[in-house]
Amino acid sequence: MNDTFLKACRGEAVPFTPIWIMRQAGRYLPDYQKVRGKVDFLTLCKTPELAAEVTIQPIDILKVDAAILFSDILIPVEAMGMNLEFHEKRGPVMTPAIRDENTVKKLLVPDPEEKMKFVMDTIRILRKELANKVPLIGFSGAPFTTATYMIEGGTSKNFLNTKRMIFQAPELFRALMDKITATVTEYLKAQIKAGTQAVQLFDTWGGIFSPQDFKAHALSYVKKIIHDLKKWLKAENISVPIIYFVGETAGLLEEIKEAGADVYGVDWRINLDDAIRRLGSSAVVQGNLDPLALFLPQNEIEQRVKDILSRAALAKGHIFNLGHGVVPETSPENVIALVDMVHRHSQRK
Ligand code: CP3
């Protein structure tokens, strides 16, 4: 197996810097569009053979060093009992928005093998089809990011309803977060039992907070999940690295490093060496190219690759990635070139 990604997650020596790309299976790839042209997004997520097919596409096309399960962070939200739809223009819409005691009370902590069996089936198919070519990453939304979608009922600009609940009805927010935290923990355990070899927690909206509020209302729940998962992994005698990704990390690195994760995502708003200094040189980092830097001419992309690789030398380990997901307008040729550049310029003698 190409286990460079797993080795880098553990801070072990690697022959080259591994790379995978957030949202590597997606609309910028004509092969994805072909499958997606036949079914809507949710049906794609819920049809294991198709979800496995689009998961594997970027492995063959881009030659990345890890596969990430094709699914969405909102799948567990539906399993908890909300109605979920994806609209072409508005994005995800969840009803009824969770705003009061009654709606929180009705939410379930689902049995993942029962309510999200299609995810575990996709993982089981993938482990067979990947045949240990590259490791498979599973994922979940972190509790706070998941909660924003449930409280707002969709995507939001200023997260007014979420922050209002936190500041005006803290006990209600805590009750909601406790249910999501239990759901995420069980969901990730089920993914690991089905065969994922690493897991990533996506806290896309963690950066909307002051450090103090991030710690109280997002990080504390992530810490609990990671602590419980690590205890369970130890008892089961399995080794599965945990990656914690936060969108807009620069103001929060001193807090983020308390999460207890094995790998920390770093966005592009900070130089990677500065981020490593603040996380500590024993940290393993993932990142940190601006997704829109893929619109530069290839020789300039190459300069940025070399710059990030040299700044990463300070860390115990580095996994190359974008600081956030690849956007649909990106040219696949530039993504293919990026993967090749990272592999070439990071060869250790
Ligand atoms: O990374 C991968 O390739 C794995 C698959 C994956 C998707 N979403 C597929 C997807 C992963 C890991 C996610 C995570 C996700 N989903 C996040 C966290 C990461 C991030 O990007 O910030 C969030 C916030 C979501 C919620 C979500 N899903 C939104 C807001 C949208 C609509 C906006 C958009 O980009 O269309 C989605 C849809 C979605 N998730 C698509 C894909 C490929 C596009 C659906 C389509 O084909 O129309």
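Start at 1 and go down the list; that is how both ligands and their atoms are numbered. Index from 1, following the sequence.
Residue contacts with ligand 1 do not include F245, since none of its heavy atoms lies under 4.0 Å from the ligand.
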Could you go through the side chain to side chain donor-acceptor pair (under 3.5 Å) check for W20 and Q286 one step at a time? CA-CA 10 Å; W20 70 279; Q286 177 174 282; 3.0 Å; yes
Could you go through K133 and D60, starting from their C-alpha distance and side-chain angles, then the distance that decides it, and tell me whether this counts as salt bridge (Lys or Arg N to Asp or Glu O under 4.0 Å)? CA-CA 10 Å; K133 217 158 101 187; D60 298 332; 3.2 Å; yes
For side chain to side chain donor-acceptor pair (under 3.5 Å), just list the numbers for D65 and H343, CA-CA rounded to whole Å, side-chain angles, deciding distance to a tenth of an Å, and then say yes or no. CA-CA 10 Å; D65 301 295; H343 286 156; 2.6 Å; yes
Side chain to side chain donor-acceptor pair (under 3.5 Å) for D31 and Q57? Distances and angles first, verdict last. CA-CA 7 Å; D31 300 67; Q57 284 174 353; 5.1 Å; no
Could you give me the CA-CA distance, side-chain angles and deciding distance for N83 and T95, then say whether side chain to side chain donor-acceptor pair (under 3.5 Å) is met? CA-CA 5 Å; N83 177 50; T95 47; 3.2 Å; yes
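Of all protein heavy atoms, the one lying nearest to atom 36 (O) of ligand 1 is R27 NH2, 2.9 Å. Summary of contacts: the protein heavy atom closest to atom 7 (C) of ligand 1 is S71 O, 3.2 Å. F139 CZ, 3.7 Å is the protein heavy atom nearest to atom 11 (C) of ligand 1. Regarding atom 38 (C) of ligand 1, its nearest protein heavy-atom neighbour is F86 CE2, 3.6 Å. When hydrogens are left out, the protein atom nearest atom 23 (C) of ligand 1 is I73 CD1, 3.4 Å; that is the closest non-hydrogen contact. Among protein heavy atoms, atom 32 (C) of ligand 1 sits closest to P92 CD, 3.8 Å. Annotation: atom 45 (C) of ligand 1 to nearest protein heavy atom, F41 CD1, 3.4 Å.
Proximity annotation for atom 21 (O) of ligand 1: of R36, H324, R90, H324 comes nearest, heavy atoms only. By heavy-atom distance, the residue among T146, D72, V77, I137 lying nearest atom 28 (N) of ligand 1 is D72.
The proximity of L69 to ligand 1, defined as any non-hydrogen pair under 4.0 Å, is limited to the backbone. When heavy-atom distances to ligand 1 are checked against a 4.0 Å cut-off, P328 has no atom that comes that close, whether in backbone or side chain.
Of the N or O atoms in Y32, one or more lie within a sub-3.5 Å distance of an N or O in ligand 1. The shortest N or O to N or O distance between T145 and ligand 1 is not under 3.5 Å. Where the criterion is an N or O separation shorter than 3.5 Å, residue side chain and backbone included, E88 fails it with respect to ligand 1. At least one N or O atom of R23 sits closer than 3.5 Å to an N or O atom of ligand 1.
A salt bridge does not link E113 with K189: every distance from a Lys NZ or Arg NE/NH1/NH2 to an Asp or Glu carboxylate oxygen is 4.0 Å or more. Of the charged side-chain nitrogens involved, none lies within less than 4.0 Å of a carboxylate oxygen, so that K115 and D111 do not count as a salt-bridged pair. Ion pairing of E101 with K105 is present here, as a side-chain N (NZ or NE/NH1/NH2) and a carboxylate O approach within less than 4.0 Å. With respect to K38 and E53, no salt bridge is recorded, no charged nitrogen being found less than 4.0 Å from a carboxylate O.
Here W268 is tied to no hydrophobic group at all, with no ILVMFWY side chain closer than 4.5 Å.
Residue-ligand proximity, I68 to ligand 1, at heavy-atom distances under 4.0 Å covers atoms 1 (O), 2 (C), 3 (O), 4 (C). Residue-ligand proximity, A25 to ligand 1, at heavy-atom distances under 4.0 Å covers atoms 3 (O), 43 (C). Listed by number with element, the atoms of ligand 1 under 4.0 Å from a non-hydrogen atom of Y149 are 24 (C), 30 (C).
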Return all side-chain donor-acceptor pairs below 3.5 angstrom for residues 235-247, not counting sequence neighbours, or 'none' if the list is empty.
from : atom 1 : to   : atom 2 : distance (Å)
S239 : OG     : R10  : NE     : 3.2
S239 : OG     : R10  : NH2    : 3.2
Y244 : OH     : D203 : OD2    : 2.6

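The hydrophobic clustering, which links ILVMFWY residues whose side-chain heavy atoms are closer than 4.5 Å, places L107 and L172 together.
By the definition of a contact as any protein heavy atom under 4.0 Å away, atom 19 (C) of ligand 1 is in contact.
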